[in-house]
Amino acid sequence: MLQVNTLPKTNEQIQRIAPNLGSVSVERMEAGQEREVIDYLEQRPIHTVAMVSLIRDNGLVSQLNRGTFYSCRDMNGHLEGVALVGHATLMETVSDRALQALAQVAQECPDTHMIMGEQDRIEEFWTYCSKLRWPIPVHGAVASLHLATLKELHMVMPIQARMAFEESGVNPLEVDPEGFRKRCIRRIELGRTWVLVENDQLVFKADVISETPEVIYLEGVWLSENKRGSDFGVSCISGLSRKLLSRSRSICLLVNENNKQAQAFYRKCGFLFRATYETIFLPQKDQAPTSVN
C-alpha cells in the first residue's frame with residue numbers, strides 16, 4: 001500500500017488518480033445521498049453493517065466517520081461500489097473494475113491504519129478473521145450486565161487499549177490518547193458499551209461497533225482471566241445477545257483465525273461461520289506491516 005501526503009479532495013483529483021476503468025468513475029459522496037447508499041449496501045447486510053451503521057449514526061460526511069465515503073458508478077450512474085477510505089478502510093463492490101478504481105483512491109490516504117474486506121474480493125490482504133452469525137442457544141444470563149456509564153470509563157479504557165495493542169501492535173493511549181478517550185466516551189454515551197462489574201472490578205466487556213435493523217456487529221469482547229475456562233463468558237454473551245436481538249435480527253463478530261480457543265468459545269455460544277475476512281494493519285512511519293491471522 002502506497003502512502004502520500006494528501007487524500008484527494010475534489011472529483012477532478014480523484015479522476016486523475018482513478019481514471020475510468022471500463023466505463024466506471026469514482027466520486028466523493030455528499031450529504032443527501034445516504035438513502036441511495038444504504039439501499040445499495042443493505043443488499044448484503046452482514047457484510048456491510050459497519051458502513052451502514054456509520055452512515056445511520058453520522059451521515060455520509062462527518063469527521064466522526066474518520067474517513068471519506070467514495071462511490072464508483074457505471075456509465076449509467078448505477079452504483080458498482082462504495083468505500084470508506086480513512087483510518088479504517090472498508091469496501092463493498094460488485095465488480096473487479098470497481099474494486100480496482102476504489103483501491104487506487106485508497107492508496108492515496110496517508111492515515112489508513114486498517115483495511116478489511118472479504119478474502120475473495122481482496123486477495124492481496126494479508127490476514128484472516130472468521131465472521132460468525134446468530135442465533136445462539138439460550139444459557140443462563142447474568143443479571144448485572146448493563147450499559148457502561150461514564151463513571152466506569154476508567155475501567156473500560158485500559159482494557160480497550162490493551163486489546164487494540166494486542167490486535168494491531170499500536171497502543172491508542174500512546175499515539176492518540178485524547179482522541180481515544182473521546183471515542184470511548186462517545187461509545188458509552190451512545191449506549192454501545194456493555195459491562196459487568198464485580199467488587200469494583202471489570203469482569204466482562206463488549207462493544208456494539210455497528211448497528212442496523214438487520215445486523216449488530218460486536219467488537220472488544222473481553223472476559224477477565226479469573227472467569228475464563230467456565231461457562232461465565234457464555235452466560236454473558238447469552239444475556240447480551242438476548243438484549244440485542246430485541247432490536248436487530250442478527251449479531252455478528254470477527255474472530256482471529258489463529259485463536260482456536262476463541263473460535264471454540266463462540267461455537268459453544270452457538271455462532272456459525274459465515275465468511276473469511278482479511279485485515280491489513282498498515283505500518284506507522286518506518287515500521288513493518290503488522291499481520292493478524
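All values reported here derive from a predicted model rather than from experimental measurement. Computed from heavy atoms alone, side chains included, the values below leave out hydrogens, waters and symmetry copies.
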Worked verdict on M91 versus V82 for side chain to side chain contact (heavy atoms under 4.5 Å, CB included): CA-CA 6 Å; M91 297 185 187; V82 172; over 6 Å; no
Trace of the side chain to side chain contact (heavy atoms under 4.5 Å, CB included) decision for F271 with V255: CA-CA 11 Å; F271 280 72; V255 181; over 6 Å; no
Worked verdict on Q263 versus F273 for side chain to side chain contact (heavy atoms under 4.5 Å, CB included): CA-CA 9 Å; Q263 292 175 28; F273 174 82; over 6 Å; no
Y217 and T212: CA distance, side-chain angles, deciding distance, side chain to side chain contact (heavy atoms under 4.5 Å, CB included) verdict: CA-CA 9 Å; Y217 168 54; T212 72; over 6 Å; no
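Between H154 atom NE2 and C184 atom SG the span is 13.5 Å, to the nearest 0.5 Å. L253 CG to I209 CD1: the interatomic distance, rounded to the nearest 0.5 Å, is 11.5 Å. In this structure, OG in S62 is found 11.5 Å from CD1 in I55, a value given to the nearest 0.5 Å. In this structure, CE on M163 lies 11.5 Å from OG on S168, to the nearest 0.5 angstrom. With values rounded to the nearest 0.5 angstrom, D207 atom CG is found 8.5 Å from L218 atom CG. Note that the CZ atom of F265 and the CG atom of D231 stand 9.0 Å from one another [nearest 0.5 Å].
Around atom CG of N76, more than 12 heavy atoms belonging to other residues, nucleotides or ligands sit under 6.0 Å away. Other residues, nucleotides and ligands contribute at most 12 non-hydrogen atoms within 6.0 Å of the CZ atom of R181.
Under a 3.5 Å cut-off, the side chain of S248 and the backbone N or O of V215 do form a donor-acceptor pair. N65 contributes no side-chain N or O that, together with a main-chain N or O of M51, makes up a donor-acceptor pair within less than 3.5 Å. Side-chain N or O atoms of R66 include none that pairs as donor or acceptor with a backbone N or O of G86 at under 3.5 Å. A distance-only check finds a donor-acceptor pair linking the side chain of S246 to the backbone of K243 [under 3.5 Å]. Side-chain atoms of S250 come within 3.5 Å of backbone atoms of E214 as a donor-acceptor pair (strictly under, hydrogens ignored). Not one N or O on the side chain of K205 forms a donor-acceptor pair closer than 3.5 Å with the backbone of T193. The main-chain N or O of E30 is found under 3.5 Å from a side-chain atom of Q33 such that the two form a donor-acceptor pair.
In summary, the side chains of T48 and E92 do not present any donor paired with an acceptor at a separation below 3.5 Å, with no hydrogens or angles considered.
N171 and A161 get closest at one heavy-atom pair: OD1-CB, 3.8 Å.
The salt bridge (charged side-chain N to carboxylate O under 4.0 Å, His left out) search around K227 returns E198, not counting sequence neighbours. Residues satisfying the side chain to side chain donor-acceptor pair (under 3.5 Å) criterion with D39, sequence neighbours excluded, are R35. Residues satisfying the side chain to side chain donor-acceptor pair (under 3.5 Å) criterion with E189, sequence neighbours excluded, are absent altogether.
The shortest distance between side-chain heavy atoms of E174 and F165 does not fall below 4.5 Å. Within the 4.5 Å cutoff, the side chain of L64 has heavy atoms near those of the R186 side chain. Between R183 and D176, some side-chain heavy-atom pair lies under the 4.5 Å cut-off. Between V24 and R73, every side-chain heavy-atom pair lies at or beyond the 4.5 Å cut-off. Counting heavy atoms from C-beta outward, H146 and E152 have side chains that approach closer than 4.5 Å. Contact of the V52 side chain with the P45 side chain is not registered, since no non-hydrogen atoms from C-beta on lie closer than 4.5 Å. For the pair V61 and F69, the minimum side-chain heavy-atom distance is 4.5 Å or more. Looking only at side-chain heavy atoms (C-beta outward), C236 and L196 come within less than 4.5 Å of each other.
Of the residues listed (E211, E42, E34), the one engaging R56 in a salt bridge (Lys or Arg N to Asp or Glu O under 4.0 Å) is E42, and it is the only one.
Salt bridge annotation for R97-D74: absent, with no cationic side-chain nitrogen under 4.0 angstrom from a carboxylate oxygen.
Under the 4.5 Å side-chain contact rule for hydrophobic residues, L84 and V94 share a cluster. A continuous path of ILVMFWY side-chain contacts below 4.5 Å connects F180 to I188, so both sit in one hydrophobic cluster. Criterion: ILVMFWY side-chain heavy atoms under 4.5 Å apart, direct or through other members. Under it, I46 and L90 are part of a common hydrophobic cluster. In terms of hydrophobic clustering, with Ile, Leu, Val, Met, Phe, Trp and Tyr side chains grouped at heavy-atom distances under 4.5 Å, M29 and I38 are assigned to a common cluster.
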